[in-house]
Every structure is written in C-alpha cells, then in structure tokens.
Amino acid sequence: MTARTLAWTGFLAVAAFVLLVAGRLTALDPVENLTLTLTSPVQRILHDATTPIANWVNDVTDASGLSAENKRLRADNERLMTELARAREDAVQLRKLQDATGIKQQFPNDTFVAASVVARDSSNARRMVAISRGRSDGVKDGMIVVTEGHSLVGTVTKTFDSYAWVTLITDPTSAVSAMVQSSRAEGVVAGNYGGSLNMEFVGQGAAVQDGDFVITSGIGGGYPPGIVIGRVSAVATAGQDLFQKVKVDHLASLDKLEQVLVLTSFLPKTFAQP
Amino acid sequence: MRYWVGGLIAFVLALVQASSVQQFHILGVVPNLLLVLLTAWLVVRGLDDVLPMIGVAGISLGLIGLQAPGLVLLALLPLAGLGVIRELRVVHSDFLLFLVLVAAATVFYESVMVLGVMLAGGGHDLVAAFTRDMVPATAVNVAIAPPVYLVMRLARPDPRGRRLSY
C-alpha cells in the first residue's frame, strides 16, 4: 500500500466519522434537502424508465410467491365481498344509532396531506421513503403516514422544507402498539430485516388466529387507535415461551408505494412519568 | 483517469443505484450494483483509482438514497482493505479474486448497515439480519458480478496507450 493510498484511506475514514457526527447534529439537513430537490426529477425519470424491467425481473424471480399470493387474493376477494355487504348494512345501522344518540364519529376532523414518494432507501437493512411534502406543507416529525386506503405506512422521522423522510413500519427500528381486532389481544408490531413484521409481546393465552386483522391500539400515544396495520399470517406457540410468535403481513404494498397521505391532524403525545 | 471523471462516474452510479436498482428485489434484497462496480474497478484498475470514487459514491448514495452519508462511506471503506489482498496476488485468477472480494465487500457493507440499525435502537434479531439480509445480499451481488466484470475488462484502457491514472 503506497503512502498516497494510506493518505486517501485515512482521509475517507476521517470524513466518514465527521459526516456521521454532522448527520447526528442535523448539520447535513440543508445539503440533503438541496440534493433531493436537484436529483428527484432525474431520479423520477430513471425510476420510471426501469420500472417495467424491474417488474418483469421481480415477477420472474418470485414466480412461486406470485402463485401463492394469487391464490390467497382470490380467497380474500370472496371473503371481503361478503364482509363488504355485511359492513354496509352495519354502517346504515350505526348511522341510525349515531343520529339517535348524538354520538360523533371517532375522527370527524381528520386532515390529510397527499404526497408522492420521490425516493427510497437503497439499503437492505432499512426501510424508508422520501415524500414530496415537508415543513412548508405542515408536515412535522412524528406524524402518521397511511395509504390512500388508510392502512398504516409509517411515521415521519425527518422533515425538510419541501421533503420528509418516512420510516416504514417494516423498518427494523419501527415499533407500533397494536392489537388483534377480533380478540383485542395487545402487543407491539415491530419491523424486522427483510421487510417482515412480527407482533411481539402477545401472551400465550391470547386468542390470535391466521387471518385476524391487526390494528393500532393507540397505547403510548404514538399512533391513533384503529388504523389497520395488516393481517396475521402465522402464529407459533411453544410451551416454554412467555409470548406467542405472531407474523403479520402488512396490507399496504410498501415496496411499490407511489402516493401516501400524511395525517396532519394527529401528533404523537409524550407522557411524563408520574 | 482524472479525479473529476472518477467522481462523476461514482455520482452517476449512486444515482442509478438509488433510483433504478433499488426497484429490483431478488431473494428479498436489492442488488448493490454500486458496490459490485466499485469492486470490479478495484480489481481491474487498482486501489489508487478506486479510493476517490469510494468517497464520492458513499457521500452521494447517502444523500440521494436516504441513508446517513457517513455510514455508507464507512460501509464502503473495507474495499480499501480488500484492495490490499488484491495487491498481494494470493489468487492468480482475477475473476475468482473478484468474486471473493464481492462476497467479502458485501458482508462488510451489510454488517456496517446492520450495526447502524442496531445503534439506532432496533433490529437486534441477528439471525434475521444474517439469513434475510447478509446471505441473500451476498448471493445476489455475486450473481450479478460476472457481467459487470466482463464490461469492466472490456472497458479497461489499453496499457500501451496514454497512461490514464490520477
């Protein structure tokens, strides 16, 4: 290794640590905002140009997964059509009851800001996206992001003037207080490597079955209650374990997000210890 | 090769990685074309040539690809150490050496990324990190390596011509 090579390596190592510290101190925020502003149009062009090839490659390399998904979606479709008819009937009944008792809807004044996904985290370890709305649009750290169908996408973790970073629920650092809709069994839905979701801290006695919907519980104040996260896809119980191992499939197609909604009327609450 | 040319190539590679390559999900992971290309550059053209590109690529991918620039730069830095192995000439076949270096560089890169996640307070499931991140990422990067190497070999400047170095 020559002296010049050693000097370059040392310089890069020092630069890496300086950048890590600068990143922690948010000193790089203006540069990141400027970079996203300048490169997002080019990124969009490159992204759109590659999408058909990427879709083809992804379909070919995941043929068995597609077949299984297709089978599951057919079964889901049949079940959902039945549930839709029942839900419509229930909605009519509920509206009559609300009118009669004067009870208001849970979130009558929810406001959303629509945003486009302009960039994605390119690493395998993290799951983040950048959206086209930022501080100037009223987006703040901690706000909740959902799909157009109102299933949970993630949380705004960094805001710039015209962009914001959203940490997806599948990110390994993400944890959401959740409950199983049917049995009200509570736990924490945490992201893991590979984009999977696990529901943790579900007690052995709790009733959890494949296909159950998992929703936010609202405990902790980080998320409003009742937002759909996904469905239970596998439950494993072992006698010696304190908790069940619950695998959850997210409802939103997080790898192909294009449009999202930021819930601007909700900000996470912070509770002080008594 | 001049500094600005290497820097420009590294920036374009980072842009392509962040906007195009990240759409490909093979075995559940995104191929790291940038890392494979930098490793090919290292094997074909040497460490002196690739070090400035590592700097530009790391910072650019961090800024464009929603990652901490310092962390990406740190994850790419083991390439410098792997460059020493190349200089030692322990393997006679450049291609075989290249495949080994791609695998090693991927393991180092993903390890630094996983460490970053753990320092951020999550992802303590190391078995999942190994089986769902490191192993598939290494396999995919090694799989895309041969065509990249072929292109790099064909694009190598003629040693009899004008010397193109920093």
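Chain letters run A, B, ... following the sequence lines, proteins first and then strands; every chain starts at 1.
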Heavy-atom closest contact (A/Ser123 atom, B/Met113 atom, distance): CB-SD, 4.4 Å
Contacting region of A/Ser174 [heavy-atom separation from chain B under 4.5 Å]: neither
Chain B contact via A/Thr35 - which portion, at a heavy-atom distance below 4.5 Å: side chain
Between OG on residue A/Ser122 and CG on residue B/Leu66, distance to nearest 0.5 Å: 7.5 Å
CG-CD distance between B/Leu15 and A/Gln43, expressed to the nearest 0.5 angstrom: 5.5 Å
Atom pair CD (B/Gln23) and NZ (A/Lys256), whose distance is rounded to the nearest 0.5 Å: 10.0 Å
Nearest heavy atoms of A/Pro172 and B/Val117, plus distance in Å: CB-CG1, 3.5 Å
Salt bridge (charged side-chain N to carboxylate O under 4.0 Å, His left out) against A/Asp161, all qualifying residues, sequence neighbours excluded: A/Arg135
Contacting region of A/Ile53 [heavy-atom separation from chain B under 4.5 Å]: both
Residues of residues 127-140 of chain B contacting chain A, heavy-atom criterion under 4.5 Å, by residue number: B/Ala128, B/Ala129, B/Arg132, B/Asp133, B/Ala137
Closest heavy-atom pair and its distance - A/Ala13, B/Leu77: CA-CD1, 3.4 Å
Nearest-0.5 Å distance, CH2 of residue A/Trp8 to CD1 of residue B/Ile54: 10.0 Å
Largest heavy-atom contact set with chain B, pairs under 4.5 Å, which of A/Ile45, A/Val21, A/Asp48, A/Asn192: A/Asn192
Residue A/Phe17 excluded, over 12 heavy atoms near CZ under 6.0 Å: no
Side chain A/Asn124, main chain B/Val29, donor-acceptor under 3.5 Å: no
Structural part of A/Phe11 lying under 4.5 Å from a heavy atom of chain B: neither
Student check: side-chain heavy atoms of A/Val42 and B/Ser19 closer than 4.5 Å: no
Approximate separation, where rounding is to 0.5 Å, of A/Glu32 CD and B/Ile64 CD1: 11.5 Å
Closest-packed option against chain B by number of heavy-atom pairs under 4.5 Å, given A/Leu38, A/Asp171, A/Thr51: A/Thr51
Spatial distance of atom CG (B/Leu73) from atom CG (A/Leu20) [nearest 0.5 Å]: 8.5 Å
Passing candidate, side-chain contact (heavy atoms from CB on, under 4.5 Å) with A/Leu19, options B/Leu71, B/Ile59, B/Leu74: B/Ile59
Crowding at CD, A/Glu258 (>12 non-hydrogen neighbours, <6.0 Å): no
Within 6.0 angstrom of B/Phe108 CZ, more than 12 heavy atoms from elsewhere: no
Side-chain (B/Glu110) to main-chain (A/Ala125) donor-acceptor, under 3.5 angstrom: no
A/Val18 versus chain B, the contacting section by heavy-atom distance below 4.5 Å: neither
Full working for side-chain contact (heavy atoms from CB on, under 4.5 Å) between B/Gln22 and A/His47: CA-CA 9 Å; B/Gln22 54 84 15; A/His47 178 275; 3.8 Å; yes
